[in-house]
Undergrad: 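Can you read through this structure? Questions will come right after.
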Amino acid sequence: MSDSSLAPRLSAAHHRVRLPYDRSRITPGIVHLGIGAFCRAHMAAYVDGVLASDPSWGIIGASLKRPDTRNALAPQDFLYTLAVRSGAGTTTRFIGSLLDVLDATRQRDELLAAMIDPHIRIVSLTVTEKGYCHDPATGQLDPEHPDILHDLAHPDSPVTAPGLIARALQLRRTAGICPFTVLSCDNLPANGETTARIITGYAALQSGALANHIASEVAFPSTMVDRIVPATTDDDRKLVCEASGLWDSWPVMTEPFTQWVVEDHFPNGRPALEPAGVEFVNDVRPFELMKLRMLNGSHSSLAYLGYLAGYEFVSEAISDPAFGAFIHDLMTEEVMSTLPGDVGKLAVYRDALLERFRNPALRHRTWQIAMDGSQKLPQRLLGTIRDRLARNASITRAGLGVAAWMRYVTGTDEHGRKIDVRDPLALRLRAIAEAAGDEPAKLVDGLLNVRDVFGDDLPRNDQLRTVLTDHLLSLFGLGARETARRANLAPAL
Ligand code: CS2
């Protein structure tokens, strides 16, 4: 590997950086909250593809919690490298659609000023599930959330996405500027409706007039986003430098596959993204349900089981025959029956997913996906379980995904090593696990009673309780691999 410390820094002035448009002519039309790796590999790449014909849609990104993205990107003119990796090799491309990144912890006023600029017609967000400050089981704002309590007490200096959006909409309204469209690009069910409910709910706690204004005047189209984007590592930075010849301290690594399906409801205009491959539809629900239950449901199940069995990366876990067969059957026998649409097409989708998970060049850590399970389980696995229970069908496989999460959040792996459990509810989950000791039935009982995750119905379901307890007995006694192997033998009913 060549010495990357000698490579010139990526910057707009470097002659190797050639973009298909004149960047000095690009003006901002979008503010994006939560400018992490995912948005930079997804929306920013799509937008980059149409700026030559539609230059008024540059993006101003904002980080709500940390200064690192701004600090890394400012010295390189907010340019970064998108590296697409597969078994066939790595290709790189420079992305110039991001014009600025604001660190909301220090530049809140600048961020609000950008959000009320009439040229900004879309405020999009990828703040992850927990950034919505909601109750994952019901999809309602959590009015007791500490950051929401902060924003309600200081509405002029909000720290949350709902607080910032409500404030900016209020300021626009007062100034007579028509509202922006709010575009949630997170993996939440009905993400547009959910975001509308949360932001309107937050506004209602301040002013009925603002809540009514948001409910009647602001568009919240739903969208299904899909691209696997592992966290970037130092080895990735070196690899990118070798491929492009320039040192980029904040590149993004991703897979060849990308998909974006969006409800076409943008009263204040939108970029013409169709040539870049975005699908605009009237109803995104079937796409979203398929993606959340097939891809994300499998991903989470594989992450917990694989991590417990000692696999660091998704590609390793899926290549273990026990887990490969389990994930295949989870989708085929349980998830697919809950989805609308043609079984043949779903099978093609499933096979493509398995292939994507096997991508040997994408080093996607099981630990990364395992994060924030309390926020993810409802839409990824519990919807499947509810639908299957309603028709008296077997939940052996989806139940194992949930049981593996329960085993994972105890905080100790199969070799007695500590697990760094990252979850907004981590402390509560750990306390429940400690109180349960080594009794699986008690663990199931304690965790099922976390209503923010399981709602009021699932804790009362005996079939689910039995399935989870049996799996946990097996996970503790025989381990994740053998438990998955046995689950594969279960009759499909
Ligand atoms: C993953 C997703 O981290 C996770 O929980 O399941 O980020 C997944 O990679 C994306 O949704 C793929 O589109």
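In each ligand, atom 1 is the first atom listed, and ligand 1 is the first ligand listed.
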Undergrad: K376 heavy atoms, cut-off 4.0 Å: which ligand 1 atoms fall inside?
TA: 3 (O), 4 (C), 5 (O)
Undergrad: Could you check atom 13 (O) of ligand 1 against the protein and tell me its nearest heavy-atom contact, residue, atom and distance included?
TA: D226 OD1, 2.6 Å
Undergrad: Considering only non-hydrogen protein atoms, determine which one is nearest to atom 2 (C) of ligand 1 and report residue, atom name and distance to 0.1 Å.
TA: N296 ND2, 3.6 Å
Undergrad: Looking only at side-chain N and O atoms, does Y311 offer a donor or acceptor that is under 3.5 Å from a partner on D320?
TA: yes
Undergrad: State, to 0.1 Å, how close I95 and A44 come at their nearest heavy-atom pair, and which atoms those are.
TA: CG2-O, 3.9 Å
Undergrad: For ligand 1, which atoms sit closer than 4.0 Å to a heavy atom of K291?
TA: 10 (C), 11 (O), 12 (C), 13 (O)
Undergrad: Tell me whether R363 forms a cation-pi arrangement with F313, defined as NZ or CZ under 6.0 Å from the six-membered ring centre and within 45 degrees of its axis.
TA: yes
Undergrad: Hey, is ligand 1 close enough to H364 that some N/O pair sits below 3.5 Å?
TA: no
Undergrad: For ligand 1 and Q368, I'd like to know whether there is a polar contact (N/O to N/O, distance under 3.5 Å).
TA: no
Undergrad: Tell me, please, which residues at least two apart from R356 pass salt bridge (Lys or Arg N to Asp or Glu O under 4.0 Å).
TA: D226, E255
Undergrad: Please identify which atoms of ligand 1 are closer than 4.0 Å to at least one heavy atom of N187.
TA: 11 (O)
Undergrad: Would you please classify the geometry between the H42 ring and the F38 ring as parallel, tilted or perpendicular, with 30° and 60° separating the classes?
TA: parallel
Undergrad: Side chain, backbone, both or neither: which part of R380 has a heavy atom under 4.0 Å from ligand 1?
TA: side chain
Undergrad: Indicate the atoms forming the closest heavy-atom contact of V101 with R70, along with that distance.
TA: O-NH1, 2.6 Å
Undergrad: I need the atoms of ligand 1 closer than 4.0 Å to a non-hydrogen atom of H299, numbered in the order shown.
TA: 1 (C), 6 (O), 8 (C), 9 (O)
Undergrad: Between Y132 and T160, do the side chains contain a donor N or O and an acceptor N or O under 3.5 Å apart?
TA: no
